[in-house]
Amino acid sequence: MAAQVKGPVLITGAGGKLGRAFVRHFLQGGCDVIAAVLRPQSLEGLLADFDTAAREGRLHAVAADLAAEPGVAALVEFLERNALRPAGLVNNARSLEHLKLENEGMPARANFLGELTLAVVVPCELTLALAGQKGSELASVVNVGSIYGVVAANPALYEE
C-alpha cells in the first residue's frame, strides 16, 4: 500500500509490535505517518524510535483511547487541528487486556465487548469519520485481523 498511497497514512495501534512495523514500512516507503497509540509512554517510545522522521515532520503521533466513547472524536479533532488528511488508514488497534481468558477458558464479558469495540466498532466509526471530513483524501483502508478471527484459539498452545 505504501507505493500507492498519495498522502499521510493513519495507523492505529502504532505502539505495538505490528504497529511499529507498519510505521517503519510506510516511512521507508516515503509516506508521512500519523501514529495513534493508547498510552503516552508508547508515544514517547515511538517518537524516540523514529526520531528523525518526527523531527522532519513526517511522523505525527497522538495518544488516544479509541475504545473510550470520545476516542475517535478526539483523534479526528487532532487531525483537524493539525490540518492532517489521511489518504490511508490502517486499523490495527488491539488491547492485550481484552484477550485474557477466565479460569474456564472463556473471556469475561467486558473483555469480549472491549475486543469487539476495537475490532469492529472503532474501525467503522473511524473510517466513516475520516471519509466524512471536509476535503477528505481517504482512499485506502486496511483492517488488520488475526487467524483467531477465523479459527478458535487453542489454549494448549500457550503458557498460562
Side-chain angles (χ1 to χ4, degrees), residues 1-2 5 8-28 31 33-51 53-54 59-82 84 86 88-133 138 140-160:
M1 184 163 119
V5 176
V9 176
L10 171 58
I11 301 169
T12 66
K17 292 178 184 178
L18 283 177
R20 285 174 185 265
F22 294 142
V23 169
R24 184 175 299 105
H25 168 78
F26 285 105
L27 287 172
Q28 288 175 346
C31 294
V33 172
I34 306 155
V37 301
L38 174 61
R39 295 178 183 82
Q41 307 90 290
S42 299
L43 188 68
E44 293 166 10
L46 190 70
L47 290 171
D49 288 351
F50 298 100
D51 179 58
L59 175 63
H60 310 271
V62 59
D65 184 355
L66 297 175
E69 188 67 35
V72 170
L75 178 54
V76 172
E77 181 186 311
F78 169 84
L79 298 173
E80 293 285 347
R81 223 178 24 252
N82 292 283
L84 296 167
L89 169 61
V90 178
N91 286 306
N92 176 61
R94 288 294 179 275
S95 170
L96 294 178
E97 290 299 313
H98 296 157
L99 301 178
K100 290 183 178 178
L101 300 177
E102 299 294 310
N103 292 336
E104 59 278 349
M106 298 295 292
R109 187 172 199 272
N111 289 349
F112 180 79
L113 291 172
E115 181 58 18
L116 184 66
T117 298
L118 279 176
V120 179
V121 177
V122 168
C124 180
E125 287 177 340
L126 188 53
T127 301
L128 291 173
L130 294 178
Q133 278 183 307
L138 189 63
S140 298
V141 177
V142 174
N143 295 314
V144 176
S146 165
I147 190 169
Y148 292 128
V150 180
V151 298
N154 181 353
L157 297 175
Y158 305 96
E159 292 180 19
E160 299 180 26

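Computation of the quantities below employed the complete heavy-atom set of this structure, encompassing side-chain atoms and omitting hydrogens, waters and symmetry-equivalent molecules.
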How far apart are the closest heavy atoms of A63 and P40, and which atoms are they?
-> CB-N, 4.2 Å

Can you list the residues that meet the side chain to side chain donor-acceptor pair (under 3.5 Å) rule with E125, with sequence neighbours excluded?
-> none

Would a 4.5 Å heavy-atom cut-off, applied to side chains only, mark L79 and I34 as touching?
-> yes

Which heavy atom in A35 sits nearest to a heavy atom in V23, and how many Å separate them?
-> CB-CG2, 4.4 Å

Heavy atoms from other residues, nucleotides or ligands near CD of E102 exceed 12 (cutoff 6.0 Å) = yes

Identify the two heavy atoms, one from V37 and one from A14, that lie closest to each other, and give their separation to 0.1 Å.
-> CG1-C, 3.9 Å

Return the minimal non-hydrogen interatomic distance between L43 and A61, and the atom names on each side.
-> CD1-CB, 3.1 Å

Closest contact, heavy atoms only, G71 versus A64 = O-CB, 4.4 Å

d(R24 CZ, I11 CD1) to nearest 0.5 Å is 11.0 Å

Supply the atom-to-atom distance T12 OG1 to L38 CG, rounded to the nearest 0.5 angstrom.
-> 11.0 Å

Spacing of T117 atom OG1 and L66 atom CG [to the nearest 0.5 Å] | 11.0 Å

Listed partners of E77 passing salt bridge (charged side-chain N to carboxylate O under 4.0 Å, His left out), at least two apart = R81

Output the distance between atom CG (D49) and atom CG (L59), rounded to the nearest 0.5 Å.
-> 10.0 Å

Considering only distance and modelled atom types, tabulate donor-acceptor pairs under 3.5 Å from the side chains of residues 103-110, sequence neighbours left out.
none

Show the numbers, then the answer: is there a side-chain contact (heavy atoms from CB on, under 4.5 Å) between F22 and V144?
-> CA-CA 11 Å; F22 294 142; V144 176; 3.8 Å; yes

Note, L138 side chain near T127 side chain (heavy atom, < 4.5 Å) | yes

Do V62 and N82 have side chains that get closer than 4.5 Å, going by heavy atoms?
-> no

For the atom pair CG (L128) and CD (Q133), what is the distance rounded to the nearest 0.5 Å?
-> 12.0 Å

Taking it one step at a time, do F50 and V33 satisfy side-chain contact (heavy atoms from CB on, under 4.5 Å)?
-> CA-CA 11 Å; F50 298 100; V33 172; over 6 Å; no

Enter the distance from L10:CG to L130:CG here, rounded to the nearest 0.5 Å.
-> 6.0 Å

Side-chain touch V120/C124, heavy atoms, less than 4.5 angstrom | no

Output, in order, the C-alpha distance, side-chain angles, deciding distance and verdict of side-chain contact (heavy atoms from CB on, under 4.5 Å) for L84 and H60.
-> CA-CA 9 Å; L84 296 167; H60 310 271; 3.8 Å; yes

Does the side-chain contact (heavy atoms from CB on, under 4.5 Å) test come out yes or no for H98 and R94, once each step is laid out?
-> CA-CA 8 Å; H98 296 157; R94 288 294 179 275; over 6 Å; no

